[in-house]
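Counting starts at 1 for both ligands and their atoms, in listed order. For the numbers below, each heavy atom of this structure counts, side chains included, while hydrogens, waters and symmetry mates do not.
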Amino acid sequence: MSILAADVIVTSPDRNFVTLKLTTTDGVIGLGDATLNGRELAVVSYLRDHVVQLLIGRDERNIEDTWQFLYRSAYWRRGPVTMAAIAAVDVALWDIKAKSAGMPLYQLLGGASREGLLAYGHASGRTNAELFESILEHRAQGFRAIRVQSGVPGLKAIYGIASNATSAGNAGVRYDHEPAQRGAQPVQEDWDTRSYLRHLPTVFEAVRNEFGPELPLLHDGHHRMTPIQAATLGKSLEPYDLFWLEDCTPAENQEALRLVRRHTTTPLAIGEIFNTVWDYQLLLREQLIDYVRSSVTHAGGITQLKKLLESAAQYQIKSGMHGPTDISPVGMAAAMHLGLAIHNFGIQEYMVHGARTNEVFEQTFTWRDGMLHPGDAPGLGVDLNVDEAGKYPYAQAYLPYNRLADGTMHDW
Ligand code: KDG
Ligand code: MG
């Protein structure tokens with residue numbers, strides 16, 4: 001048995017997705033997500049020009065060896081493009097192995113450790129009134145944990161605030177926030193940290209007053225604060241009992257979290273832009289975080305993320321896998337199988353995909369009472385409808401960027 005064919009499929013039903021499809025000599029198909037939001041074609045080229053020919057003829061059963069081969073033989077290690085490409089191969093191989101074994105992937109990973117995965121959704125509003133409405137909508141959709149993002153007086157457009165737009169031609173689907181905009185240039189947003197630090201605690205106070213103490217609330221700082229600003233925010237949010245404060249400082253400077261940690265008991269989550277287990281060494285060893293935010297898609301697949309989460313478990317650090325719409329249904333399914341199997345699952349981010357996406361990717365997962373479950377079909381439980389995918393060609397799209405009032409570029 002070996003890999004007969006490896007196809008890279010680019011489709012843009014509601015947004016761009018890159019999928020690797022492996023077919024074995026005995027006809028088993030495995031899928032892997034290789035979507036890197038805003039830089040999709042770089043991963044397509046990495047796979048098509050450098051990896052596909054290395055896979056043909058390989059024994060598809062040797063997942064660990066294939067992972068090590070792709071990682072070490074490239075010489076140029078780590079980075080989002082490389083690790084998304086390796087992840088796609090890895091997940092496709094796990095899909096094949098589980099299908100060949102006739103079991104859902106989570107069974108191969110050790111079986112279910114829980115009945116389902118608590119998932120959080122994205123509520124947002126430019127004002128508290130809009131935000132409350134969005135929280136109510138999420139509760140009506142079944143969400144039992146909610147990320148709160150708010151507009152800031154004086155700022156026109158900032159990360160995480162819904163545009164209230166429904167995706168064109170996709171009636172009925174309302175995106176909470178789809179930051180990547182189709183077009184030839186990225187959109188500029190604005191930022192002012194002092195206004196944000198003043199305003200955000202008032203928002204959380206209002207939300208707690210309205211919705212009570214029980215509802216788990218999360219917030220994403222999206223890398224925009226200095227360490228001392230992040231420490232200030234963590235401290236000022238303590239009365240509102242956050243489930244986590246995410247990406248409070250830029251991810252490159254891991255030592256920054258020492259200072260934040262010294263000043264606040266607000267739980268910290270980081271890692272959606274990390275790619276490897278090595279990015280977490282300091283954070284785990286010094287217990288500077290509470291949740292690992294990496295996705296299967298961007299952190300080298302099941303093989304590596306499982307190892308990383310097992311290392312995290314020894315410090316009582318839990319998973320909080322990244323799950324925006326730019327993780328494809330294939331990547332989400334991989335996250336669900338892994339989250340169901342590991343002991344130290346924390347929470348799963350879940351943004352609902354659009355109707356066209358769900359026609360391209362046929363899925364078996366369930367969403368019930370605020371909990372996700374990947375279903376019990378053999379493998380990942382996702383099929384790619386290639387004809388449907390072919391209707392939606394790639395469309396250039398960029399994530400926005402931030403400038404301060406004086407024009408200085410700032411982290412987005
Ligand atoms: O592609 C970038 C988005 O996935 C990211 O901005 C979303 O921060 C994000 C989150 O927490 O989902
Ligand atoms: Mg985030």
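- Neighbouring protein atoms of the Mg ion (ligand 2) (N, O or S, distance under 2.8 Å, waters ignored): D220 OD2, E246 OE2, E272 OE1.
- Other residues, nucleotides and ligands contribute more than 12 heavy atoms inside 6.0 Å of the CD atom of Q53.
- The 12-atom threshold is not exceeded at NZ of K318, counting heavy atoms of other residues, nucleotides or ligands nearer than 6.0 Å.
- Relative ring orientation between H222 and Y159 is described as parallel, the plane-to-plane angle staying below 30° on a 0-90° scale split at 30° and 60°.
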When you check ligand 1 against the protein, what N or O pairs turn up below 3.5 Å? List the atom names and distances, or just say none.
residue: ligand 1; atom: 1 (O); partner: N37; partner atom: ND2; Å: 2.8
residue: ligand 1; atom: 1 (O); partner: D326; partner atom: OD1; Å: 3.4
residue: ligand 1; atom: 1 (O); partner: D326; partner atom: OD2; Å: 3.0
residue: ligand 1; atom: 4 (O); partner: H322; partner atom: NE2; Å: 3.3
residue: ligand 1; atom: 4 (O); partner: D326; partner atom: OD1; Å: 2.9
residue: ligand 1; atom: 4 (O); partner: D326; partner atom: OD2; Å: 3.1
residue: ligand 1; atom: 6 (O); partner: H222; partner atom: NE2; Å: 2.9
residue: ligand 1; atom: 8 (O); partner: Y159; partner atom: OH; Å: 2.9
residue: ligand 1; atom: 8 (O); partner: D220; partner atom: OD2; Å: 3.0
residue: ligand 1; atom: 8 (O); partner: H222; partner atom: NE2; Å: 3.0
residue: ligand 1; atom: 8 (O); partner: E272; partner atom: OE1; Å: 3.0
residue: ligand 1; atom: 8 (O); partner: E272; partner atom: OE2; Å: 2.8
residue: ligand 1; atom: 11 (O); partner: R147; partner atom: NH1; Å: 3.4
residue: ligand 1; atom: 11 (O); partner: D220; partner atom: OD2; Å: 3.0
residue: ligand 1; atom: 11 (O); partner: E246; partner atom: OE2; Å: 3.1
residue: ligand 1; atom: 11 (O); partner: E272; partner atom: OE1; Å: 2.9
residue: ligand 1; atom: 11 (O); partner: R293; partner atom: NH2; Å: 2.9
residue: ligand 1; atom: 11 (O); partner: E349; partner atom: OE2; Å: 3.4
residue: ligand 1; atom: 12 (O); partner: H322; partner atom: NE2; Å: 3.4
residue: ligand 1; atom: 12 (O); partner: E349; partner atom: OE1; Å: 3.2
residue: ligand 1; atom: 12 (O); partner: E349; partner atom: OE2; Å: 2.4

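- Under 3.5 Å, the side chains of Y401 and Q188 contain a donor-acceptor pair of N or O atoms.
- The local environment of CD in E64 is crowded, with over 12 non-hydrogen atoms from other residues, nucleotides or ligands closer than 6.0 Å.
- Atom CZ of R39 has 12 or fewer neighbouring heavy atoms from other residues, nucleotides or ligands inside a 6.0 Å radius.
- Heavy atoms only, all atoms of each residue included: A397 and N16 are closest at CB-ND2, 4.1 Å.
- In this structure, the side chains of W412 and P400 come closer than 4.5 Å at one or more pairs of heavy atoms.
- N209 CG: more than 12 foreign heavy atoms inside a 6.0 Å radius.
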